[in-house]
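Written below as structure tokens is the structure these notes are about.
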Protein chains: 2
Amino acid sequence: MRHYLEAYRNELLDRVIPFWMERSPDPVHGGFFTCLDRTGEVYDTDKFVWLQARQVWMFSMLYARVEPNPAWLRLAREGASFLQKYGRDGSGDFYFSLNRAGAPLVQPYNIFSDCFAAMAFSALYKVDPEPAYASLATRTFQRILSRRDNPKGVYSKAVPGTRNLKSFALPMILSNLTLEMEHLLEPGLVNELVRAVIHEVMEVFLDNEMGLVLENVLEDGSFSDSFEGRLTSPGHAIEAMWFMLDLSRRFGDESLQDRAITTGLKTLEYGWDTTYGGIYYFLDCKGHPPEKLEWNQKLWWVHLETLVFLAKAYQISGNKACLNWFEKVHDYTWAHFRDPDYPEWFGYLDRYGRVQLPLKGGKWKGCFHVPRGLYQVWQTLEQTASH
Amino acid sequence: MRHYLEAYRNELLDRVIPFWMERSPDPVHGGFFTCLDRTGEVYDTDKFVWLQARQVWMFSMLYARVEPNPAWLRLAREGASFLQKYGRDGSGDFYFSLNRAGAPLVQPYNIFSDCFAAMAFSALYKVDPEPAYASLATRTFQRILSRRDNPKGVYSKAVPGTRNLKSFALPMILSNLTLEMEHLLEPGLVNELVRAVIHEVMEVFLDNEMGLVLENVLEDGSFSDSFEGRLTSPGHAIEAMWFMLDLSRRFGDESLQDRAITTGLKTLEYGWDTTYGGIYYFLDCKGHPPEKLEWNQKLWWVHLETLVFLAKAYQISGNKACLNWFEKVHDYTWAHFRDPDYPEWFGYLDRYGRVQLPLKGGKWKGCFHVPRGLYQVWQTLEQTASH
């Protein structure tokens, strides 16, 4: 696997990270541009809080784990400062988006701004132990926990009572965030949260009969035969399975390992487009027409998170199916998403693998899944190599 | 044009309307199923208020204008009764969706439920003069006018003050709704509204420099260089242009006619996919990557509304460009959207013209654009033929 290892490391350090270092910082107002076209030119200046936070996390993490490059720490601090100044409303919740200068555009309707802000300040605190970073991270985490049962708050459009759904996204992200924030949380809280999210992911949202993870279930955990209830997102489920693998390693839970690997592989077989290659974005678990018009598109993050899952699953289990799938997904991903002419990767392909939007960053794609995926695969392959 | 005339009439009366009459009514709870697969089987039982209302309007309109078929009136009344029983919240606003039995699922965040409810009860009153229909139509219309400056109300996610946008959708739909409801409104109010919406459509949202209609502008009418501000939807703009042609005829405004025809043709040239044919769903007016992943898909309503515009524009002006475009769009539309094997038409094609979702109805496609478009073209061609 040596040739893979070098490809992932070099792509990360020579092409992707320099792209964000050069193209993304706003020298006038601070924070990061994320709407960058194929060549890296800024085409929109709005600032999406969750992408700002993800980039702060990324540079803090690289500084901590790859090398203490002062330029990386400076970028992380500058992004954090922009978020500290402009990111929150009066209740301490993080807005969804700001204009270039930091004035709020879209309300905190989406709790993922808060999740990634907590992750960002927590990671920055590891490399720059300013008490303000720690307290902002923990306060934000507490707000997330208190909003857990109603994450959309007043912005929820569901009429309470008729069909009370809960969404996979929150336990899924908490399973990663809790580990990320372990150094700032009480061990008792960590254990309690970890137990709860593993239960939610593997026993509530994972439908036993189908062996698939559902994006939404009824409050009592049962199946809802509706557009939302039938919705599956293979990439989302597979990403959650590598979070489960990290948790299983951290807490020495071998049975969780096996179930996560089985579920990830089953989801991949289900989500793979056997005609044109690549993994579908959304599928209706009963085979009905999905509500989402983009259901059969191929998205960068789906494929990168699947590579992370497969690398980890292979490293843990030595299972040849994981290796075969890794090679297949690797070939598709590098051939279709990587841009040979300009740095960073395309994000959106149509079903046939053609570029659907020629951007490197936008409202939903920032400095996150490509570099995190490359980093995770690189690190996993190094551990495999040193066995 | 005789062969076109018969094709549109026969398709409407022999294939499309029978499909909805047979497949759509819910014999148990009333109202209409709209989630119908390729063959007409129900795949989801949720009831979307705006689609319920559109179907009531459709059958009332056909009864008034095509023939007094008692089955059509019965269907319209049954749909209306379901809406009267279950459609509204305590303030009289119409929910977005209900479950099969009529329990509310999604709050009245979307004023188009109300717009189509007003249109439905107003049309039904024309053929069945129950005072309750008239009063529900006019009360709903008043609620729409009072919510006009903030149609999303508490469900708006925009932070007030930073970038106050207004949306083309409301003046666009009011330009049609006001004519539809003329028999129930004070003439003074009609004149005032018509003047206001023509101004909004042709002078505020129609960008003079580009000659294109924008989906969102700033409150003062100026251009917003943002994802929302740069967004154009060619089909939406062209549909508005046939509303303008109807208004120009009703009020004898020839200058409006010319401007609407010029704008519609210009939009069609801009929106036409010269490589694969068909009209794009969304484009960024500056050529940047649009935010919408479905931007290059080809949607049924876009093509049907364009055919209505072209038929009307040709009938009014005799302009050969309208005829040539009509033939071109007709050929694409009938070849790609019409299903030769089962009745009703496909709604969603990918850029290349392949069926993207094999449904005949869903959450956003009901008994509306196909039959209304077929009816409008048929009627326009009859008027042209009888000149």
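Numbered from 1 within each chain, the chains take letters A, B, ... in sequence-line order.
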Problem - Contact leader toward chain A among B:L105, B:L359, B:N99, B:V106, where contacts are heavy-atom pairs under 4.5 Å - result: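 It is B:L105.
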Problem - Max heavy-atom pair count under 4.5 Å with chain A, selected residue of B:S226, B:P104, B:P358, B:G161 - result: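 Going by pairs under 4.5 Å, I would pick B:P104.
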How close do [X] and [Y] get, counting heavy atoms only, and between which atoms?
X	Y	result
A:P289	B:L357	CB-CD2, 4.1 Å
B:T162	A:A103	CG2-CB, 3.6 Å
B:Q107	A:A158	NE2-O, 3.9 Å

Problem - Atom CG of B:D220: over 12 foreign heavy atoms under 6.0 Å - result: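 For B:D220, atom CG is crowded (more than 12 foreign heavy atoms under 6.0 Å).
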Handout entry: Heavy atoms of other groups near A:F112 CZ, more than 12 under 6.0 Å
Key =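 Yes, the 6.0 Å shell around CZ holds more than 12 heavy atoms from other groups.
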Quick one: what part of [X] sits under 4.5 Å from any heavy atom of chain B, side chain, backbone, both or neither?
X	answer
A:Q356	both
A:P108	neither
A:Y281	side chain

Exercise for the section: Could you grab the distance from atom CG of B:L293 to atom CH2 of A:W295, nearest 0.5 Å is fine? Expected result: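 Taking CG in B:L293 and CH2 in A:W295, the distance rounds to 14.5 Å.
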Practice task
Anything in residues 41-52 of chain A with a heavy-atom distance to chain B below 4.5 Å? Please list those residues in order.
Solution key: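 Within residues 41-52 of chain A, the residues under 4.5 Å from chain B are A:Y43, A:D44, A:D46, A:F48.
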Practice task
Look at A:F227, A:Y348, A:W364, A:F96 and state which one has the largest set of heavy-atom pairs under 4.5 Å with chain B.
Solution key: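 Looking at each option in turn, the highest pair count goes to A:F227.
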Practice task
Heavy-atom distances under 4.5 Å only: say whether B:Y95 touches chain A with side chain, backbone, both or neither.
Solution key: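 Answer is side chain: those atoms of B:Y95 sit under 4.5 Å from chain A.
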Practice task
Could you tell me whether B:K157 sits above the aromatic face of A:Y109, with NZ or CZ closer than 6.0 angstrom to the six-membered ring centre and within 45 degrees of the axis?
Solution key: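 The answer is yes, since B:K157 meets both limits relative to A:Y109.
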Practice task
With A:R354 as the cation and B:Y352 as the aromatic partner, state whether NZ or CZ is under 6.0 Å from the six-membered ring centre and within 45° of the axis.
Solution key: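 That pair qualifies as a cation-pi contact.
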Practice task
Output every pair passing side-chain hydrogen bond (donor to acceptor under 3.5 Å, both in side chains) with a member in residues 284-293 of chain A, not counting sequence neighbours, ordered by first then second residue.
Solution key: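 Applying side-chain hydrogen bond (donor to acceptor under 3.5 Å, both in side chains) to every pair that reaches into residues 284-293 of chain A, excluding sequence neighbours, yields A:D225-A:K286, A:R230-A:D284, A:E291-B:K363.
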Practice task
Taking the side chain as every heavy atom from C-beta outward, state whether A:R351 and B:D350 have any pair of such atoms under 4.5 Å apart.
Solution key: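 When only atoms from C-beta onward are counted, B:D350 and A:R351 do not touch, as no gap falls below 4.5 Å.
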Handout entry: 4.5 Å side-chain heavy-atom contact, B:S156 and A:Y155
Key =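 When only atoms from C-beta onward are counted, A:Y155 and B:S156 do not touch, as no gap falls below 4.5 Å.
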